[in-house]
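Take a look at the structure below.
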Amino acid sequence: LMQTVSSICKINVFLLFSSRSIVAWMIAFATIDRYLTSSANIHRRQMSNLKNTYRCIIGICIISSIVWSEVFYCFELNVNIAAPMKCFNKSPTCRLYNNLANATLTIFTPSIVMLIFGLYTIKNIRQSRRIVPDSSTVVQSISRVRKTENSLTKMLFTQVLVFYFQLFLSFFHLYAA
């Protein structure tokens, strides 16, 4: 149906682009939440709550829907024979907008947010290590902190790898447009 009905084609592309953005930004906000919960500052830790989480989710969904609503104008079924897919951008301007929006809003900006707040989270964990705990729990807390720090470092490394892969793809798409 997607290759024969124009409205289904547009809805499919809209859901694809908006869901990609939503997922990227939710992971970015999860990184911010990890930073807030690892903070020594009580006010920052209090910012990490369900009420703010729901606000972020709703905001992300609304903004993503607004950004990608252009799909209903820009995408058409069978634009030309040379198009790589049946459902494709109808103009070079639309293609450029889609590639730029995808590169900046779905890949680059969320990845930078993840990188920055991931580094701040690791910094918070290291600072919490400097607090002198009770001598009976020293061994347990040191091993727990090391495991947590290793886990956070692995997550940050994975996010950076994904970022570079996505950045490469977005530059490729911009070049191809």
Quiz item: Under 30°, 30 to 60°, or over 60°: which ring-plane class applies to Tyr120 and Phe117, parallel, tilted or perpendicular?
Solution: perpendicular

Quiz item: What heavy-atom pair brings Thr121 and Thr31 nearest, and what distance separates the two atoms?
Solution: OG1-O, 4.0 Å

Quiz item: Is the count of non-hydrogen atoms from other residues, nucleotides or ligands lying under 6.0 Å from Met26 atom CE greater than 12?
Solution: yes

Quiz item: Closest heavy-atom contact between Ser19 and Leu15?
Solution: OG-O, 2.7 Å

Quiz item: Taking Asn124 for the side chain and Tyr35 for the main chain, is one N or O donor matched with an acceptor at less than 3.5 Å?
Solution: yes

Self-check item: Spacing of CZ belonging to Phe72 relative to SG belonging to Cys9, to within rounding of 0.5 Å
Solution: 10.0 Å

Quiz item: Heavy-atom distance under 4.5 Å between the side chains of Lys123 and Leu119, does that happen here?
Solution: no

Quiz prompt | Test side chain to side chain contact (heavy atoms under 4.5 Å, CB included) applied to Thr106 and Phe17, step by step | solution = CA-CA 9 Å; Thr106 303; Phe17 286 162; over 6 Å; no

Quiz item: Can you list every side chain to side chain donor-acceptor pair (under 3.5 Å) pair that touches residues 56-70, not counting sequence neighbours?
Solution: Ser21-Trp68

Exercise. Measure across Asn98 and Cys74 and return the closest heavy-atom pair with its distance rounded to 0.1 Å.
Key: ND2-CB, 4.4 Å

Quiz item: Is there a side-chain contact between Thr37 and Arg45, using heavy atoms and a 4.5 Å cut-off?
Solution: no

Exercise. Side-chain contact test, heavy atoms from C-beta onward, threshold under 4.5 Å: evaluate it for Asn52 versus Asn49 and give yes or no.
Key: yes

Quiz item: With hydrophobic residues grouped by side-chain heavy-atom distances under 4.5 Å, do Ile66 and Ile58 end up in a single group?
Solution: yes

Quiz item: In Å, rounded to the nearest 0.5 Å, how long is the span from OG of Ser7 to CG of Asn12?
Solution: 11.0 Å

Exercise. Test Ile63 against Trp25 for side chain to side chain contact (heavy atoms under 4.5 Å, CB included), laying out the working first.
Key: CA-CA 11 Å; Ile63 291 170; Trp25 279 104; over 6 Å; no

Quiz item: Does some side-chain heavy atom of Lys10 sit less than 4.5 Å from a side-chain heavy atom of Glu76?
Solution: yes

Exercise. Could you tell me whether the side chain of Thr109 and the main chain of Leu105 form a donor-acceptor pair under 3.5 Å?
Key: no

Quiz item: Can you name the closest pair of heavy atoms from Pro110 and Ala28 and give their distance?
Solution: O-CB, 3.8 Å

Exercise. Please examine the side chains of Ile107 and Arg20, heavy atoms only from C-beta on, and report whether any two atoms are closer than 4.5 Å.
Key: no

Quiz item: Do Leu16 and Tyr73 belong together in a cluster built from hydrophobic side chains that touch within less than 4.5 Å?
Solution: no

Self-check item: Between Ser48 and Asp33: side-chain donor-acceptor atoms closer than 3.5 Å
Solution: yes

Quiz prompt | Distance-minimising heavy-atom pair for Tyr97 and Val67 | solution = OH-O, 3.2 Å

Exercise. Supply the atom-to-atom distance Arg55 CZ to Phe29 CZ, rounded to the nearest 0.5 angstrom.
Key: 13.0 Å

Exercise. Supply the atom-to-atom distance Arg95 CZ to Leu100 CG, rounded to the nearest 0.5 angstrom.
Key: 12.5 Å

Exercise. Kindly compute the distance separating SG (Cys94) from CG (Asn99), expressed to the nearest 0.5 Å.
Key: 11.0 Å

Quiz item: For the atom pair CG (Leu36) and CD (Gln46), what is the distance rounded to the nearest 0.5 Å?
Solution: 11.5 Å

Quiz item: So, do Ile22 and Cys61 sit near enough that their side-chain heavy atoms are less than 4.5 Å apart?
Solution: yes

